[in-house]
Structure formats: structure tokens, C-alpha cells
Amino acid sequence: MNKIIKQLKVNNVEIKLVSGDITTEETDAIVNAANSHLQHGGGVAGAISRKGGPGIQKESNEYIQKYGKVETGNVAVTSGGKLKCKYIIHAVGPIWRRGSQQEEKLLYDAVFNALKKAEELKLNSIALPAISAGIYGYPIEKAVLVYKKAVYDFINSNPQFVKEIRFVIYDEAHLDYFLKEF
């Protein structure tokens, strides 16, 4: 069961740090740490696809057929399938290459664009995983700084609809970095 570890309010938006499984969140949208081809095999994407049912991969394939691959830093949207959310926002984060390939900017864009998409869809709540910090190898201590900047910049853009941003952390070792930074 997911557990809220810390919550704070910035302007009119609540930020919650949650220990648990993003696939069980009851938010309007959850964010999937996706790859550019929206093939949901491993990591967060694999868990979301397994629990959300085959419709998520089917919708993802249709998206790719219609629009082509999703560039790193950008997002695509599908329904929530069998999950408790209305939408899944598939955010493509960068693979860590020691900071030599604009990873910081691309990670910032992935997080900011996911939040912006939630606002465009007039959603009130969104849950994000630690994008790129798993199998993509982005060091969590660096990633958390980028997540925080993207979230605060988004909040300072005065969103009308998004009132709750959750970071759902599955890896207990990552939680300390979130707690320290937020």
C-alpha cells in the first residue's frame, strides 16, 4: 500500500512524496517513464503495461503509427487502461551518458512537459515516478534536483487545474534524496 511520506504546499499546489507503486495511484494521470517507441517492456513501463492491460500497449502502438516516435523530453498520452487513473502520460526521459548529451535539459523537459500536458487536459492530480533514474541510469542525486526545478517552474507558471503533484518512489534508497531536496 502506498504511503505519503511528506507533503508540502507551494503556491496553490500540493507536492506529495509517496513511497509505493505508481500503478496503484488514484490520480487523474500517472506518468510512465517511457522509451521513444512506447514499447513497455521493463521497469516502470513494464509494470504499468502489465497492470493496466494490453490496451495500453495497443494505444501506444497506434500513437507511434500515427505520429512517429516520441522524442526524448516529450510526451504522449494514452488512456489509463485498467488502472485507477484516467490517463497515462508517457514521458521519454534521457539515458544517462555522464551529462554529455544534454541529459539535464532533456530530463527537465520530460518532467515539465508531463505537467504541462496534465494542465492542458484540465487534470487536477498527477503522479510521477523517478524518470530516467532506473534502467536509464540517471544518478538519483542529480535527477532529484532536476525534478524539483521542473516542478517549481511549472507551479510558478500558475497552473489553473493541476493542484496535486505526487512523486511515487518505488526504490526505498531513492526516497532519502527526495526527502532531502523537497
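We use all heavy atoms of the structure for the numbers below, so side chains are in, but hydrogens, waters and symmetry mates are not. Residue numbers start at 1 and run along the sequence shown.
- One distance of note links NZ of Lys82 with CZ of Arg50; it measures 13.5 Å at 0.5 Å rounding.
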Verdict with supporting geometry, Leu107 and Lys142, side chain to side chain contact (heavy atoms under 4.5 Å, CB included): CA-CA 10 Å; Leu107 182 57; Lys142 294 179 185 301; over 6 Å; no
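- The 12-atom threshold is not exceeded at NZ of Lys58, counting heavy atoms of other residues, nucleotides or ligands nearer than 6.0 Å.
- As a member of the Ile/Leu/Val/Met/Phe/Trp/Tyr network built from side-chain separations under 4.5 Å, Ile88 groups with Ile4, Val18, Ile22, Ile30, Val44, Ile48, Ile56, Leu83, Val168.
- When every heavy atom of Glu103 is checked against every heavy atom of Ser100, the shortest pair comes out as OE1-N, 3.2 Å.
- For Tyr87 (side chain) and Ala118 (main-chain N/O), no donor-acceptor pair under 3.5 Å exists by modelled atom type.
- Remark: Asn113 CG to Tyr108 OH distance equals 9.0 Å, nearest 0.5 Å.
- The ring-ring contact (aromatic ring centres under 6.0 Å, His included) pairs that include a residue from residues 24-57 are His40-His90, where partners are two or more places apart or lie in different chains.
- Summarising the geometry of Ala91 relative to Ile131, their closest heavy-atom pair is CB-CD1, 4.0 Å, with the distance given to 0.1 Å.
- Under a hydrophobic-cluster definition in which Ile, Leu, Val, Met, Phe, Trp and Tyr are linked whenever side-chain heavy atoms come within less than 4.5 Å, directly or via other members, Phe154 and Tyr152 are assigned to the same cluster.
- When hydrophobic clusters are built by joining Ile, Leu, Val, Met, Phe, Trp and Tyr residues whose side-chain heavy atoms come closer than 4.5 Å, directly or via intermediates, Val151 is grouped together with Leu123.
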* Asked: Do Ser79 and Glu59 pass the side chain to side chain contact (heavy atoms under 4.5 Å, CB included) test, and can you show the C-alpha distance, the side-chain angles, and the key distance before you say yes or no?
  -> CA-CA 8 Å; Ser79 76; Glu59 284 182 57; 2.5 Å; yes
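- Side-chain atoms of Lys148 come within 3.5 Å of backbone N or O of Glu181 as a donor-acceptor pair.
- The distance from the CD1 atom of Ile165 to the NZ atom of Lys16 is 12.0 Å, given to the nearest 0.5 Å.
- Without hydrogens or angle criteria, Asn11 side chain to Val13 main chain gives no donor-acceptor distance under 3.5 Å.
- Taking the side chain as every heavy atom from C-beta outward, Asn35 and Tyr136 approach each other to under 4.5 Å.
- The backbone N or O of Val70 lies less than 3.5 Å from no partner atom in the side chain of Asn74, so there is not a single donor-acceptor pair.
- Atoms CG and CG, from Asn32 and Leu128 in turn, are 11.0 Å apart once rounded to the nearest 0.5 Å.
- Atom CD of Glu104 has 12 or fewer heavy atoms from other residues, nucleotides or ligands within 6.0 Å.
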Show your working on side chain to side chain contact (heavy atoms under 4.5 Å, CB included) between Phe178 and Ile5 and close with a plain yes or no. CA-CA 10 Å; Phe178 279 89; Ile5 302 299; over 6 Å; no
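- With Asp28 contributing its side chain and Ile126 its backbone, the two residues share no donor-acceptor pair below 3.5 Å.
- Atom NZ of Lys149 is surrounded by 12 or fewer heavy atoms from other residues, nucleotides or ligands within 6.0 Å.
- One hydrophobic cluster, built from ILVMFWY side chains closer than 4.5 Å, holds both Val144 and Leu8.
- Contact detail for Ser36 and Ile64: the closest heavy-atom pair is O-CD1, 3.6 Å.
- Within the model, atoms NZ of Lys180 and CG of Leu145 stand 10.0 Å from one another, a figure rounded to the nearest 0.5 Å.
- Formation of a donor-acceptor pair under 3.5 Å by the Glu119 side chain with backbone atoms of Phe161 is found in this model.
- Contact detail for Ile89 and Ala114: the closest heavy-atom pair is CD1-O, 3.6 Å.
- Remark: the backbone N or O of Thr72 is not paired with any side-chain donor or acceptor of Asp109 at under 3.5 angstrom.
- Using a 4.5 Å cut-off between side-chain heavy atoms of Ile, Leu, Val, Met, Phe, Trp and Tyr, with links allowed through other members, Tyr138 and Val92 fall into different hydrophobic clusters.
- Other residues, nucleotides and ligands contribute only 12 or fewer heavy atoms inside 6.0 Å of the CD atom of Glu26.
- Glu141 meets the salt bridge (charged side-chain N to carboxylate O under 4.0 Å, His left out) test with no other residue; sequence neighbours excluded.
- Defined by atom type and a distance below 3.5 Å, a donor-acceptor pair is present between the side-chain atoms of Asn61 and Gln57.
- The cationic atom of Lys116 (NZ for Lys, CZ for Arg) does not lie both less than 6.0 Å from the six-membered ring centre of Phe112 and within 45° of the ring axis.
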* To do: Report the C-alpha separation of Ile15 and Ile155 in whole Å, then their side-chain angles, then the decisive distance to 0.1 Å, and conclude whether the side chain to side chain contact (heavy atoms under 4.5 Å, CB included) test is met.
  => CA-CA 10 Å; Ile15 300 171; Ile155 290 171; 3.8 Å; yes
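- Val31 and Val77 fall within a single hydrophobic cluster, where Ile, Leu, Val, Met, Phe, Trp and Tyr side chains are chained together by heavy-atom contacts under 4.5 Å.
- Side chains of Val111 and Val146 form no contact here, defined as non-hydrogen atoms less than 4.5 Å apart.
- Across His174, Lys3, Lys6, Glu172, a single residue satisfies side chain to side chain donor-acceptor pair (under 3.5 Å) together with Ser19, and that is Glu172.
- No donor-acceptor contact under 3.5 angstrom links the side chains of Glu164 and Thr27, judged on distance only.
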